[in-house]
Amino acid sequence: MSKEKMHSLLFPIFDVMLNGFNFIIILYISHRLTLDGFGIFSALMAMVGILFIVGVSVQTYVAKNISKARDATFLLKGIGGLLFANFIIVLMIPLFANILRSSWLSIIMIVVMWNLHIVLSMDRGMMQGKKRFKDLNISFYIEVLIRITATIISLRWYQHYEMAIGSVLIGIVAALVHSRWLVQKNYLRRSDEDNKNISNTENKAKLELRRLMMVMVGNGFIYYLSGINIIIVNRRIPIVSAEYGLASKFGALIVAVIMSIVTVLIPYMGQIGNDEKAIKKFSRRWFIVMGSIGIGIWLGYIFVGPIIFPIIFKEGYKEVGKIIPYQSIAYIAMSVTQVTVAFNIINERFYHLRILAVGAIAFTITLVTVPAVIQWVIGAEIAINVLMLLVHLWFYFERRQGYEEEYAISLLERHQTSK
């Protein structure tokens, strides 16, 4: 077996272990902070997840382009747009602090880590696209282990959610220092050689920007759905926000395990090309695998959870064990939906954006308008996520042939051809 294949097989295993470390540190934070403090921390991390849409999209885009031998260097020209986005976010710091019931300092730290995460994601995209999963694993482990160390030290000194947010920032800085060194040493020269004959015309840049925006919007809706619920509960039902936020981490664990496998699959699917039969065969097999993994974890929560939950949750979190089995149903549906989105993005088919847009709007309106009772919120999560999954799967397999060309990109390409 080649080193590349061995690292591809080992990546999900090490990534799942890493998510286990993440999970343990979340439990540690829940023990060190007050109930209200942990509720605010969960809402802040939900905001981080939504803002990190940009970085995740950049990583997916760079990995996809490198796997298809396309140019991705035009991203370096997007500094102006990034500065403008920062200006808008800085103006909204008071609003974010009010909505999240947090301090200005915590929002400022999140803005800083958002910028650093975009650069870090470009580096990780190069590793992923070239199937250097060992380097990718090391990058993730540096981030998480440094974060864990900083969290344990800082919360022993001062038990406040700002310290936990600052520890996340320190982990990202450490990973970025490592990735910059690694890319400069091993990747940058090779990337230049791969792309030296690719034209960088203005039309080419517009086409690539449109592709990136479609990736960003697709990822955006998914991460929005997995974060806005925590923010809304923290604002509408603060008395249960800590328990709800902790329960959400168990659901997010399902998503993390499944998406770690998708990380490995992205460059392989990118190499399939436009062979519709091969894409469907590949997708069907992995949808079954992902769904089975999600259901397996869910069954563990049902049968093993009642034994473990009373041991790991401190006083004040006793209701979490009752929330997890129900909320996890929504996260299983969300994770498989996320797989369809990832596969569509790789194959540059973006009809699913309309489904996600409608789902995101319906999800937000429902959570804002239902009675401020946690059972209603979880019921709405399950109903909307399961419905979105069914619609996505139907479009993916039954209507796929009718959407051979992604509408926005194909319009631009036809416009270029007509010139």
Side-chain angles (χ1 to χ4, degrees), residues 14-15 17-19 21-26 28-29 32-33 40-42 44-60 62-63 75-76 78-79 82-83 85-87 89-90 93 96-97 100 102-128 132-188 223 227 256 263:
F14 282 106
D15 202 48
M17 290 170 57
L18 192 64
N19 281 299
F21 293 141
N22 260 321
F23 197 69
I24 291 170
I25 200 62
I26 289 295
Y28 175 80
I29 293 171
R32 302 298 292 182
L33 299 181
I40 294 172
F41 170 75
S42 296
L44 287 167
M45 290 306 295
M47 179 184 174
V48 169
I50 293 173
L51 287 177
F52 277 17
I53 290 163
V54 180
V56 171
S57 301
V58 166
Q59 180 177 332
T60 302
V62 171
L75 287 172
L76 300 174
I79 301 299
L82 183 61
L83 291 175
N86 274 280
F87 176 72
I89 292 176
V90 167
I93 284 177
F96 286 136
L100 299 170
S102 67
S103 65
W104 285 34
L105 177 60
S106 59
I107 304 296
I108 291 170
M109 286 192 289
I110 287 174
V111 174
V112 173
M113 74 172 75
W114 173 64
N115 283 272
L116 298 179
H117 184 258
I118 293 172
V119 182
L120 176 60
S121 297
M122 289 182 66
D123 294 345
R124 286 173 172 171
M126 293 184 189
M127 302 174 199
Q128 184 180 353
R132 299 289 291 271
F133 294 109
K134 179 182 177 182
D135 292 343
L136 194 58
N137 263 139
I138 292 172
S139 177
F140 284 128
Y141 267 83
I142 288 174
E143 178 185 344
V144 171
L145 293 180
I146 295 295
R147 171 192 169 189
I148 289 173
T149 304
T151 300
I152 293 172
I153 293 172
S154 63
L155 288 183
R156 282 185 174 275
W157 174 58
Y158 183 49
Q159 297 178 8
H160 195 274
Y161 63 83
E162 287 178 351
M163 307 305 290
I165 294 295
S167 299
V168 177
L169 175 58
I170 291 171
I172 289 176
V173 170
L176 180 59
V177 171
H178 167 262
S179 73
R180 285 282 79 200
W181 170 78
L182 195 65
V183 166
Q184 293 289 336
K185 180 183 178 184
N186 298 327
Y187 291 88
L188 200 57
Y223 280 84
T263 300

So do [Y] and [X] actually touch side chain to side chain, heavy atoms under 4.5 Å?
X	Y	value
V48	L44	no
I93	I108	yes
S179	I142	no
S139	D123	no
R124	D135	no
V119	N115	no
R32	R156	yes
Y141	F21	yes

Quiz item: Could you go step by step and tell me if I148 and I24 meet the side-chain contact (heavy atoms from CB on, under 4.5 Å) rule?
Solution: CA-CA 9 Å; I148 289 173; I24 291 170; over 6 Å; no
Quiz item: I89 and F96: side-chain contact (heavy atoms from CB on, under 4.5 Å), yes or no, with the steps?
Solution: CA-CA 9 Å; I89 292 176; F96 286 136; 4.2 Å; yes
Exercise. Give the ring-plane orientation class for H160 versus Y158, where under 30° counts as parallel, over 60° as perpendicular and anything between as tilted.
Key: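 Because their plane-to-plane angle is under 30°, the rings of H160 and Y158 count as parallel.
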With a 3.5 Å cut-off and sequence neighbours excluded, list the donor-acceptor pairs that the side chains of residues 165-172 form with protein atoms.
residue, atom, partner, partner atom, Å
S167, OG, A150, O, 3.4
S167, OG, T151, N, 3.2
S167, OG, S154, OG, 3.3
S167, OG, M163, O, 2.9

To check you understand the geometry: which heavy-atom pair defines the closest contact between [X] and [Y], and what is its length?
X	Y	result
W114	L51	NE1-O, 2.8 Å
M122	V58	CG-CG1, 3.2 Å
H117	V56	CE1-N, 4.0 Å
A175	E143	CB-CB, 3.7 Å
S102	I40	CB-CG2, 3.8 Å

Rounded to the nearest 0.5 Å, how far apart are [atom1] of [X] and [atom2] of [Y]?
X	Y	atom1	atom2	result
L145	F140	CG	CZ	13.0 Å
I138	M127	CD1	CE	9.0 Å
M45	M47	CE	CE	11.5 Å

Practice problem: List the steps, then state whether side-chain contact (heavy atoms from CB on, under 4.5 Å) holds for F52 with I118. | Solution: CA-CA 8 Å; F52 277 17; I118 293 172; over 6 Å; no
Quiz item: Who passes side chain to side chain donor-acceptor pair (under 3.5 Å) against S103, sequence neighbours left out?
Solution: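 Testing S103 for side chain to side chain donor-acceptor pair (under 3.5 Å), a comparison that skips the adjacent residues, returns S106, E162.
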Quiz item: Do side-chain atoms of S121 reach the backbone of Q59 as a donor and acceptor pair under 3.5 angstrom?
Solution: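 No, because the side chain of S121 does not come within donor-acceptor range (under 3.5 Å) of the backbone of Q59.
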Quiz item: Checking side-chain contact (heavy atoms from CB on, under 4.5 Å) for the pair I152/L155: CA distance, chi angles, key distance, verdict?
Solution: CA-CA 6 Å; I152 293 172; L155 288 183; over 6 Å; no
